[in-house]
J.: 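Here's a structure for you.
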Protein chains: 2
Amino acid sequence: MSTQQRRERERAQRHDLILKTARTLAESEGWDAVTTRRLADEIEYSQPVLYSHFAGKDAIVAAVALEGFTELAARLRAATPADEPRATLEGLARAYLAFAEENPALYDAMFTMAVDLPFGQDDTPEPLRAGFQALLSGVARFAGRGDPEILTEVVWSALHGLIALSRAGRLPPAGREARLALLLDRLGAVH
Amino acid sequence: MSTQQRRERERAQRHDLILKTARTLAESEGWDAVTTRRLADEIEYSQPVLYSHFAGKDAIVAAVALEGFTELAARLRAATPADEPRATLEGLARAYLAFAEENPALYDAMFTMAVDLPFGQDDTPEPLRAGFQALLSGVARFAGRGDPEILTEVVWSALHGLIALSRAGRLPPAGREARLALLLDRLGAVH
DNA sequence: CTAGAATTTCTAGCAACGCTAGCCTAACGC
DNA sequence: GCGTTAGGCTAGCGTTGCTAGAAATTCTAG
């Protein structure tokens, strides 16, 4: 009985090793470098073991993305709310932008690659729900008469848009703070 | 002399045929279906001819994306400005969203795939410049005291964010109009 | 009209990708 | 200590983007 427990523990460790390696590799050399061969090589196992843990490469990316949502949610919860609406939103926005900037590959996995992570449905994975909830509970503080969910979705969209366009080289880096200030002015006021 | 002109004309036609076929195929079956073999098959030539027109598959996607920017610019210019700021922004926003909705694969090529189309730099291709300019000239009408470029960038980011998150299934379709209304309220007011 | 030259197009194949069948080894339970 | 079983590995399939070199076509000139 105990040997089986040890095996399961070792399997769990290898499971985490795969995810950790995939993430590290993606962050340092980009997702293109994360091939099944390269990944197998890094963890010092052969390719087929990957498929005993995950259904395929997409599933690995999706699992990494889920980790990302958990971390993002934690970052957003750690953004301490201020007294004023605008300052509260600023804290959330800066936490969100910092997360995306510090973990570009992870953010890509969450929003650009892992398209088939359902959201806003019954079978939405818990980490995704937690991520939205963390943003929502912050935004709800200054939603005023409006629907806090709608406001949260718009805030989220705007932040994601800033990141996506910046990353694609469509927005000049110089105007970063000015764009954020404008966004906070417009969305951080109680209506 | 005339035979060379005919050849150049034929080459140009085939050039356009490749782009048209790639775009149609992408729009109907997704970019995954656009392989060099499939594309060669559709235009009834062999693979290597593709490489006599474009440096590689990425270059084909980039060329399709450029077409997209030209069309998007036209759509935005066609959005007739209204007297009120909010209505003007609404026209632009609806034109932008409609374009993205009607040409999902094209929009993907423009913003998700063709990452190496430089922007905001000296060597920015003309269609990209035109696209931003079309949005800018509309937004500038109600920029108020603020920097119209910054406002344009934020508007653009917000719209792109809405599209990107919606497409990834991250935003419930039901709230579409509500999100747009909120966005117009906040960004379409003169400050 | 024909022979040689030049250009264009195709056939065939390379390396790398995600993924899998089937053998082989090693650990386990009795 | 031995048969059984679980797990990992080798080898290979089909597909991808891309390219070298042969084949075919078109043009030029006598």
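Excluded from the calculations below are hydrogen atoms, water molecules and symmetry mates; all remaining heavy atoms, backbone and side chain alike, are included. Chain A is the first sequence line, chain B the second, and so forth, proteins listed ahead of strands; every chain is numbered from 1.
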J.: Once the angle between the rings of B/W156 and B/F132 is folded into 0 to 90°, is it parallel (under 30°), tilted (30 to 60°) or perpendicular (over 60°)?
T.: tilted
J.: I need the CG-P distance between A/D58 and C/dC17, as an integer number of Å.
T.: 16 Å
J.: Examine B/R75 relative to B/Y96 and say whether NZ or CZ is less than 6.0 Å from the centre of the six-membered ring and inside a 45° cone about the ring axis.
T.: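 No cation-pi geometry.
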J.: Using whole Å, what does the distance between atom P of nucleotide C/dG18 and atom NZ of A/K57 come to?
T.: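 Interatomic distance, NZ of A/K57 to P of C/dG18: 5 Å.
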J.: Tell me: CG of A/L50 to P of C/dC19, nearest whole Å?
T.: 10 Å
J.: Minimum heavy-atom separation for B/W31 to B/A109, with atom names?
T.: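 For B/W31 versus B/A109, the nearest heavy atoms are CZ2-CB, 3.7 Å.
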J.: Nearest whole Å is fine: how far is C/dC10 C1' from B/Y51 OH?
T.: 15 Å
J.: Base, backbone or nothing for each nucleotide of nucleotides 5-12 of chain D, written B, S, -, heavy atoms under 4.0 angstrom, 5' to 3'?
T.: -S-SBB-B
J.: Let me know the distance between CZ of A/F54 and P of C/dG18, rounded to the nearest Å.
T.: 15 Å
J.: Output the distance between atom CG (B/L89) and atom CG (B/L183), rounded to the nearest 0.5 Å.
T.: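 Separation between the atoms: 7.0 Å.
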J.: Can you tell me the distance, in whole Å, between the NE2 atom of B/H53 and the P atom of D/dG17?
T.: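 Whole-Å distance recorded here is 18 Å.
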J.: For this output row, return yes or no: ring centroids of A/Y107 and A/H160 closer than 6.0 angstrom.
T.: yes
J.: Using the rule given for side-chain contact (heavy atoms from CB on, under 4.5 Å), can you reason through B/M110 versus B/L72, listing the C-alpha separation, both sets of side-chain angles and the distance that settles it, and then say yes or no?
T.: CA-CA 10 Å; B/M110 294 163 64; B/L72 175 58; 3.9 Å; yes
J.: Is the distance from OP1 or OP2 of D/dG17 to the nearest side-chain N or O of B/T36 less than 4.0 Å?
T.: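 The answer is yes; a side-chain N or O of B/T36 sits under 4.0 Å from OP1 or OP2.
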J.: Rounded to the Å, how far apart are A/D41 CG and C/dG18 C1'?
T.: 16 Å
J.: In this structure, how many angstroms lie between the C1' atom of C/dA16 and the CG atom of A/D32, rounded?
T.: 12 Å
